[in-house]
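Presented below is the structure to which this report refers.
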Amino acid sequence: MLEPEQLAPSAAADAEPDGRLRDSHNRTITDLRLSVTDRCNYRCVYCRTGEDGTQYSELPIADYARILRVFVSLGIEKIRLTGGEPLLRQGLLDLIRETAQLRSDFVPSLDIALTTNGHLLAPLARPLREAGLSRITVSMDAVDSETFARITRVPGSFERVRDGIRAAQDAGLGPVKVNCVLMRGFNDSQIEAFAEFSRNEGVIVRFIEFMPLEEGRTWAPETVIPMDEIVARLNAVRPLVELPPNHLSETARRFTFDDGRGEIGIIAPVSRPFCGHCSRVRLTSDGKVRTCLFSQSDHDLVGLMQRGASDDDMRSWIRRVVERKEARHHIGEPGFLKPSRSMVHIGG
């Protein structure tokens, strides 16, 4: 783990022409993904073994709020709250309210999003919106009740999540994005059903290629369903029409059907990496900065803060860490190493 004193000063990091956060590959960093808990009420079989519980601690809400304030001052425009399952975290609404008030020279208003499994969403959707949440994404890996319960290992979970999606739409958090991680021989039978779900429910369905980030370390290349195969199967439902990206760093290739009903996104980090336009960094629930999902090390921001660092100290330290952000992941390349944490312990 790199300590602050090991990060030598850098002219590039300390002399940005407009003060925004950039890495050494000239990518502007505008997105922060913050995990507020390592806990989860699901044990999805592709994600967690079901044998291990929480492994990493949580910070006080006030510490997350201070860290977010520092990142926003560096030009962060989009904040995504994740977990574990963030709706388990006490104080989440307070954190959203405080975050929604943040401004900087670069950011007149923040885009605050949240990724959830949706199980607790229905009664919280309206309070989340009223607190200042902009958007919501629901992780959902099947659209029939039996398959969904087998994946989550929680009986009756599909109906709870479906009701949560509808409540989020009613609260003004739509269009809701629904993320599905596809695995060959596991839930790839759901592709066509998800297309109909998008069209009928008015949600944006995003298929995500399975990445080597699972707790059980069972990933293999043959389990990945590549984008071309997904597109071919969706075209058999109805002809697809590709949509333009919303912005350069967008992770998903966007499609609709020829009649304009439904939207599908495909996130293909394995078969079609998008690292060249990456604008993201991550903060784990225990206060470690990770500059890539596949980083081999954490950077201890909370340790710096607890040793009495000022906001200016934290800004300088963050710049130096981010300048060393990796150029790309190396999935499929010789010598590839899985990251030091699994996805659930990093934050989705």
Verify, without hydrogens or angle tests, whether [X] (side chain) and [Y] (backbone) share a donor-acceptor contact under 3.5 angstrom.
X: R319; Y: R20; answer: yes
X: R39; Y: G84; answer: no
X: R103; Y: P108; answer: yes
X: T152; Y: C44; answer: no
X: E201; Y: R162; answer: no
X: R126; Y: D170; answer: yes
X: S198; Y: E263; answer: yes

Exercise for the section: Please check if any side-chain donor atom of D286 sits under 3.5 Å from a side-chain acceptor atom of T284, or the reverse. Expected result: yes

Handout entry: Donor-acceptor side-chain pairing of T116 and E85 below 3.5 angstrom
Key = yes

Check whether any side-chain heavy atom of [X] lies under 4.5 Å from a side-chain heavy atom of [Y], and answer yes or no.
X: K78; Y: T30; answer: no
X: R27; Y: K325; answer: yes
X: N187; Y: M183; answer: yes
X: I191; Y: L234; answer: yes
X: T115; Y: R33; answer: no
X: F148; Y: E159; answer: no
X: R282; Y: S35; answer: no
X: H299; Y: S297; answer: yes

Handout entry: Steps toward side chain to side chain donor-acceptor pair (under 3.5 Å) verdict (D144, Q190)
Key = CA-CA 8 Å; D144 74 77; Q190 300 287 298; 2.9 Å; yes

Closest approach of [X] and [Y], non-hydrogen atoms and distance?
X: D23; Y: V322; answer: CB-O, 3.1 Å
X: R315; Y: D312; answer: NH2-OD1, 2.6 Å
X: P226; Y: R184; answer: CD-NH2, 3.8 Å
X: P86; Y: L92; answer: O-CD2, 3.4 Å
X: A100; Y: A131; answer: CB-O, 4.0 Å
X: L120; Y: L124; answer: O-CD1, 3.6 Å

Practice task
Show your working on side chain to side chain contact (heavy atoms under 4.5 Å, CB included) between F158 and M140 and close with a plain yes or no.
Solution key: CA-CA 8 Å; F158 172 75; M140 182 179 183; 3.1 Å; yes

Please round to the nearest 0.5 Å and tell me the distance separating atom [atom1] of [X] and atom [atom2] of [Y].
X: D300; Y: K288; atom1: CG; atom2: NZ; answer: 4.5 Å
X: I230; Y: I225; atom1: CD1; atom2: CD1; answer: 6.5 Å
X: L32; Y: T82; atom1: CG; atom2: OG1; answer: 9.0 Å
X: D188; Y: L182; atom1: CG; atom2: CG; answer: 7.0 Å
X: S104; Y: L110; atom1: OG; atom2: CG; answer: 7.5 Å
X: F255; Y: L243; atom1: CZ; atom2: CG; answer: 8.5 Å

Kindly list each side-chain donor-acceptor pair under 3.5 angstrom involving residues 63-72, sequence neighbours excluded, with atom names and distances?
{"unit_1": "Y64", "atom_1": "OH", "unit_2": "L59", "atom_2": "N", "d": "3.0"}
{"unit_1": "Y64", "atom_1": "OH", "unit_2": "S285", "atom_2": "O", "d": "2.6"}
{"unit_1": "R66", "atom_1": "NE", "unit_2": "D311", "atom_2": "OD1", "d": "2.9"}
{"unit_1": "R66", "atom_1": "NH2", "unit_2": "A309", "atom_2": "O", "d": "2.7"}
{"unit_1": "R66", "atom_1": "NH2", "unit_2": "D311", "atom_2": "OD1", "d": "3.0"}
{"unit_1": "R69", "atom_1": "NH2", "unit_2": "D311", "atom_2": "OD2", "d": "3.3"}

Handout entry: All ring-ring contact (aromatic ring centres under 6.0 Å, His included) counterparts of F207, not counting sequence neighbours
Key = F194

Problem - Residue pair V161, Y42: steps toward the side chain to side chain contact (heavy atoms under 4.5 Å, CB included) verdict - result: CA-CA 12 Å; V161 175; Y42 282 1; 3.5 Å; yes

Problem - Other residues, nucleotides, ligands: >12 heavy atoms within 6.0 Å of D258 CG - result: yes

Exercise for the section: For D259, look at atom CG and say whether over 12 heavy atoms of other residues, nucleotides or ligands are found less than 6.0 Å away. Expected result: yes

Handout entry: Stepwise side chain to side chain contact (heavy atoms under 4.5 Å, CB included) test for F257 and V241
Key = CA-CA 6 Å; F257 294 96; V241 177; over 6 Å; no

Exercise for the section: Assess whether side chain to side chain contact (heavy atoms under 4.5 Å, CB included) is satisfied between V154 and R43, documenting all intermediate values. Expected result: CA-CA 8 Å; V154 177; R43 291 292 182 269; over 6 Å; no

Fill in the blank from the handout: The side-chain contact (heavy atoms from CB on, under 4.5 Å) partner of I61 among R89, E98, Q90 is R89

Practice task
Evaluate the salt bridge (Lys or Arg N to Asp or Glu O under 4.0 Å) criterion for residues R160 and D163: first the C-alpha distance (whole Å), next the side-chain angles of each, then the deciding distance (0.1 Å), finally the verdict.
Solution key: CA-CA 5 Å; R160 290 282 298 263; D163 292 348; over 6 Å; no

Handout entry: In one Ile/Leu/Val/Met/Phe/Trp/Tyr side-chain cluster, 4.5 Å: I204, V231
Key = no

Practice task
Using a strict 4.0 Å threshold on nitrogen-to-oxygen distance, state whether D94 and R97 make a salt bridge.
Solution key: yes

Extract all donor-acceptor atom pairs below 3.5 Å that involve side chains of residues 132-139 and protein atoms in other chains or at least two apart in sequence.
{"unit_1": "S134", "atom_1": "OG", "unit_2": "I112", "atom_2": "N", "d": "3.1"}
{"unit_1": "S134", "atom_1": "OG", "unit_2": "I112", "atom_2": "O", "d": "3.4"}
{"unit_1": "R135", "atom_1": "NE", "unit_2": "D111", "atom_2": "OD1", "d": "3.1"}
{"unit_1": "R135", "atom_1": "NE", "unit_2": "D111", "atom_2": "OD2", "d": "3.1"}
{"unit_1": "R135", "atom_1": "NH2", "unit_2": "D111", "atom_2": "OD2", "d": "2.9"}
{"unit_1": "T137", "atom_1": "OG1", "unit_2": "R80", "atom_2": "NH1", "d": "3.2"}

